[in-house]
Amino acid sequence: MAKIQLEGLHKSYDGVKILNNISLTVEEGEFMALLGTSGSGKTTILHAIAGTNELDDGIIKINNQEITNIPVNKRHVVLVDQNLLLFPHMTVKANIGFGLRMQKVERSLIKKKAEELIDLLALKGHENKYPHQLSGGQMQRVAIARALATEPYVLLLDEPFSKLDISLRNSMQKLVSNLQKKLGMTTILVTHDKDEALSMADRVAILSHGKIIQVGEPYDVYEHPKSIVVSRYFGDRNYFDGSMLDGKFTCSHGVFLVDSSKEGLLTMIIRPEEITISLNRKGVLVTIESTFYKGDVYTYVGKKNNNDIFFYGREQERYKVGDEIWLNIPFKQGVLVERSKHEKNI
Amino acid sequence: MKLLKKSYVYFAIGIILFFLLTMILWSLINQWPWPNLWPKQFDLRGLKFAFGSMKSYRILLSSIGLSGFVTVLTLLICYPAARALAFYDFKGKKLISFLFLLPLIVPMITVVLGIHINFIKLGLANNITGVVLVHLLPGIPYGVRLMETSFRQIGQSIELQAQVLGAKRWQVFWYITLPLLFPGIIMAGTMIYIISFSQYFITFLIGGGKVMTFSLFIFPFIESGDRTLASALSLLFISSIYLVLVFSNLLVSYYSKNVNSN
């Protein structure tokens, strides 16, 4: 268990900046998720911490001690790769015990530790099997057991569940989440799956183009994104361009009183689940352009002045494409962010 | 399609068997004058000479020793080259990769004639050191290519994973790289061995007849037309190579069964 600090990490490949001044502190026992699209630099951060790639600049500290120049095998940081990388020529037991064996730990202790982890990760009966004889979920658990066996300061997970089918993924997420809490192990998870990040982590750091653009608790980053880029990670949302002056937000749908002291040209973000369908013909009139059935809700896309508005509906209020309905859009509760330079919104 | 495939296989086996059986037949003959369709007289002279005399075994053993040594040396040379070609990017990689194939493209005779002059100057002609050095050449393309493919199959990330788990460099090599590369090494080694074992001309030229290998031993009999002795010795030659193949197959299957279980 350890506290981990990243200070001003920089890394370029072929002139392209992969990491641009990354600074982040993960507290002892904390579960941090790095959320970002592919190419955002999240995996590079993990490899920098593990020592499997070199940084151009920056300092990494574990428990206030710099580890930037410590070789990979002495960092006590274990990475679980998305490809798992189990040793194909070793049994489950040998795989789990590998790290301890390399440290020349006594055989009886290795055996004890391996048995403990085999129990903990429900691998009983598979100890003597080879990786190719295991199912996807079992291989996953072996990879995690192997990582935990060395009792690392920090556990790094690089999209470990991305190759599992959805039900297995959910159960593995729960397992790892519980295990992390039980062992109190400082953990950094890299993922592009927002649900995974939100449900598992204590805090989420959102990355874009090699920069951390927001760090916060899951609720915070979901409900109060600081920019449109962050907001877009969390699915279809509505973005209204407008301007703020004296606590009033003016957009193409009218002027609204808002509890904010911000001023200037801004964008208001309103999540689809905040919009309700108005039965008393008040609010904003839209024409339904398309509908998507998602099991728990219907997602509608309404058209207004050639712009899309996303909202949800329950089954008893089913609407068809072409229907005109009124929507209550709670402009007073929206989140105000800087306007994006690249895109125009409603 | 299946029938066609099968008939190809039978055709290939047929051709091999035809020549092998002819050789076996020749090794058992005393006289087979033209135009007889079947040999006139059989005897065991050839087999006795090849399989029953100490001389042929002695030469066979020294030849096995030479080729075995050459194989180990070639593998040691090819290992870092194959690893570099599989894992690292560097300037001129394509050119170097191509250069490794040159011994296959440029006829050995032309190269070795040039080498010979220099070996004389360096005092490497007419002795075993020179022969070992020149035997390294034809095996290198196979060694590099076969091991490079094995390295690519293993990938570098599994070595990194071992390091992340706390393994030192030699431990990574010993516990991960070597066992995973083992089948590839055996495959490459077998190939290199057979190539070295079969060299005639370069051994003759550089060794100056002073370094005796089995190929060199057989050649005069073929040249002088004593087909019986030549065939009998060739049988011994083939048997020894066959044993090497069996041994290497055994090693690989032993590996996948036992070394695996650690």
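Nothing here was measured: the structure is a model prediction, and the numbers come from that model. Just so it is clear, the values below take in all heavy atoms, side chains as well, and ignore hydrogens, waters and symmetry mates.
- Within the model, atoms CD of Glu159(B) and CZ of Phe87(A) stand 10.0 Å from one another, a figure rounded to the nearest 0.5 Å.
- For chain B, the nearby part of Leu86(A) is the backbone; its heavy atoms alone come within less than 4.5 Å.
- For a residue to count as touching a neighbouring chain, one of its non-hydrogen atoms must lie under 4.5 Å from one of that chain's; by this rule Lys129(A) does not touch chain B.
- One distance of note links CG of Leu178(B) with NE2 of His89(A); it measures 9.5 Å at 0.5 Å rounding.
- Val72(A) touches chain B through backbone and side chain together, each having a heavy atom under 4.5 Å away.
- The part of Trp170(B) that comes within reach of chain A is its side chain, from C-beta onward, which places non-hydrogen atoms under 4.5 angstrom from that chain.
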Next item on the list: Evaluate the criterion side chain to side chain contact (heavy atoms under 4.5 Å, CB included) for residue pair Leu165(B) and Val78(A); output intermediate values, then yes/no.
Entry: CA-CA 6 Å; Leu165(B) 287 164; Val78(A) 175; 3.8 Å; yes
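- In this structure, chain B has no heavy atom under 4.5 Å from any part of Ala149(A).
- Sparse packing is recorded around OH of Tyr142(B), with 12 or fewer heavy atoms of other residues, nucleotides or ligands lying under 6.0 Å away.
- Interatomic distance, Ser157(B) OG to Leu79(A) CG, rounded to the nearest 0.5 Å: 10.5 Å.
- The environment of CZ in Phe19(B) is sparse: at most 12 heavy-atom neighbours from other residues, nucleotides or ligands sit within 6.0 Å.
- Other residues, nucleotides and ligands contribute over 12 non-hydrogen atoms within 6.0 Å of the CZ atom of Phe201(B).
- Lys104(A) has its side chain within reach of Gln171(B): a pair of non-hydrogen atoms, C-beta onward, lies under 4.5 Å apart.
- Between Lys74(A) atom NZ and Gln163(B) atom CD the span is 11.0 Å, to the nearest 0.5 Å.
- Atoms CG and CG, on Asp81(A) and Leu160(B) in that order, are 9.5 Å from each other to the nearest 0.5 Å.
- The CD atom of Gln156(B) sits 10.5 Å away from atom OG1 of Thr52(A), with the distance rounded to the nearest 0.5 Å.
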Next item on the list: Please assess Arg146(A) against Gln161(B) for the test side chain to side chain contact (heavy atoms under 4.5 Å, CB included), listing each intermediate value before the final yes or no.
Entry: CA-CA 11 Å; Arg146(A) 182 177 67 174; Gln161(B) 182 67 50; 3.3 Å; yes
